[in-house]
Amino acid sequence: MPKGTSAALLRYAIADRLSVTRTTDMPTQEAILYRMVLPDHVCPYGVRAKETLEAQGFAVDDRILASREDVDAFKAEHDFATTPQVFIDGERIGGSDELDRFFAA
């Protein structure tokens, strides 16, 4: 892809030797994920949430909580009991279990 060309622009897929098909990338949905990644512990639920979002085609704004203080401050500020926390289109979905239910619906 030429420098400065966005993946959101048209891309070309060669269907066979004789024809070229133009396809337009669909806009990627975005999600914000707050998750705990400490020096001695990576939250497995945060990893699962990120993998689930990516598997569903979401671009993930991965906001790492890198210290116990960051985690505690985030939970206190937003009145959440746990991390990770996922937001899609500005709406709080919840943690990894809630995210699974969101996609199952």
Side-chain angles (χ1 to χ4, degrees):
M1 187 176 309
K3 185 175 182 177
T5 302
S6 169
L9 297 176
L10 295 177
R11 68 178 171 178
Y12 295 89
I14 299 175
D16 59 42
R17 290 182 181 182
L18 301 175
S19 66
V20 175
T21 303
R22 287 175 68 182
T23 60
T24 303
D25 286 342
M26 295 295 294
T28 303
Q29 286 188 284
E30 294 185 19
I32 299 173
L33 170 63
Y34 292 88
R35 66 188 182 108
M36 178 173 43
V37 178
L38 305 178
D40 60 344
H41 175 73
V42 175
C43 175
Y45 300 104
V47 171
R48 186 173 97 192
K50 184 175 183 198
E51 289 172 349
T52 298
L53 288 164
E54 290 173 340
Q56 292 291 330
F58 281 77
V60 179
D61 180 354
D62 195 8
R63 300 188 182 180
I64 301 297
L65 304 169
S67 70
R68 177 54 62 189
E69 293 78 20
D70 289 346
V71 172
D72 293 342
F74 173 78
K75 292 191 307 185
E77 179 180 343
H78 299 286
D79 197 26
F80 300 145
T82 63
T83 61
Q85 291 296 316
V86 176
F87 295 83
I88 297 174
D89 293 330
E91 178 185 342
R92 178 179 171 257
I93 305 303
S96 60
D97 291 338
E98 291 86 3
L99 185 63
D100 290 341
R101 286 193 289 277
F102 175 83
F103 287 122

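Note that the numbering runs from 1 along the sequence shown for the chain.
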Hydrophobic cluster membership, Phe102 vs Leu53, 4.5 Å side-chain cutoff: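 Linked, Phe102 and Leu53 end up in one cluster.
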Joint hydrophobic cluster, Val37 plus Leu99, side-chain heavy atoms closer than 4.5 Å: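 In one cluster: no.
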Could you name each residue pair satisfying salt bridge (charged side-chain N to carboxylate O under 4.0 Å, His left out) that touches [range], not counting sequence neighbours?
{"range": "residues 74-88", "result": "none"}
{"range": "residues 29-40", "result": "Arg35-Asp62"}
{"range": "residues 96-105", "result": "Arg48-Asp97, Arg48-Asp100, Glu98-Arg101"}

side-chain contact (heavy atoms from CB on, under 4.5 Å) involving Asp70 - partner list, sequence neighbours excluded: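 Counting only residues at least two positions away or on another chain, Asp70 forms a side-chain contact (heavy atoms from CB on, under 4.5 Å) with Leu65, Ala66, Ser67.
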side-chain contact (heavy atoms from CB on, under 4.5 Å) involving Glu51 - partner list, sequence neighbours excluded: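 Applying side-chain contact (heavy atoms from CB on, under 4.5 Å) to Glu51 gives Val47.
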Glu54 to Val60 - nearest heavy-atom pair and separation: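 Answer, listing the atom of Glu54 first, then Val60: CG-CG2, 3.9 Å.
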Partner residues of Asp72 under the side chain to side chain donor-acceptor pair (under 3.5 Å) criterion, sequence neighbours left out: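 Partners of Asp72 under the side chain to side chain donor-acceptor pair (under 3.5 Å) test: none.
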With a 3.5 Å cut-off and sequence neighbours excluded, list the donor-acceptor pairs that the side chains of residues 87-94 form with protein atoms.
{"unit_1": "Arg92", "atom_1": "NE", "unit_2": "Gln85", "atom_2": "OE1", "d": "2.6"}
{"unit_1": "Arg92", "atom_1": "NH2", "unit_2": "Gln85", "atom_2": "OE1", "d": "3.0"}

Inter- and intrachain pairs under ring-ring contact (aromatic ring centres under 6.0 Å, His included), touching residues 51-84, at least two apart: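 Qualifying pairs: Tyr34-Phe74, Phe58-Phe103, Phe74-His78, Phe74-Phe80, His78-Phe80.
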CG-CD1 distance between Leu33 and Ile64, expressed to the nearest 0.5 angstrom: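 The CG atom of Leu33 sits 7.0 Å away from the CD1 atom of Ile64.
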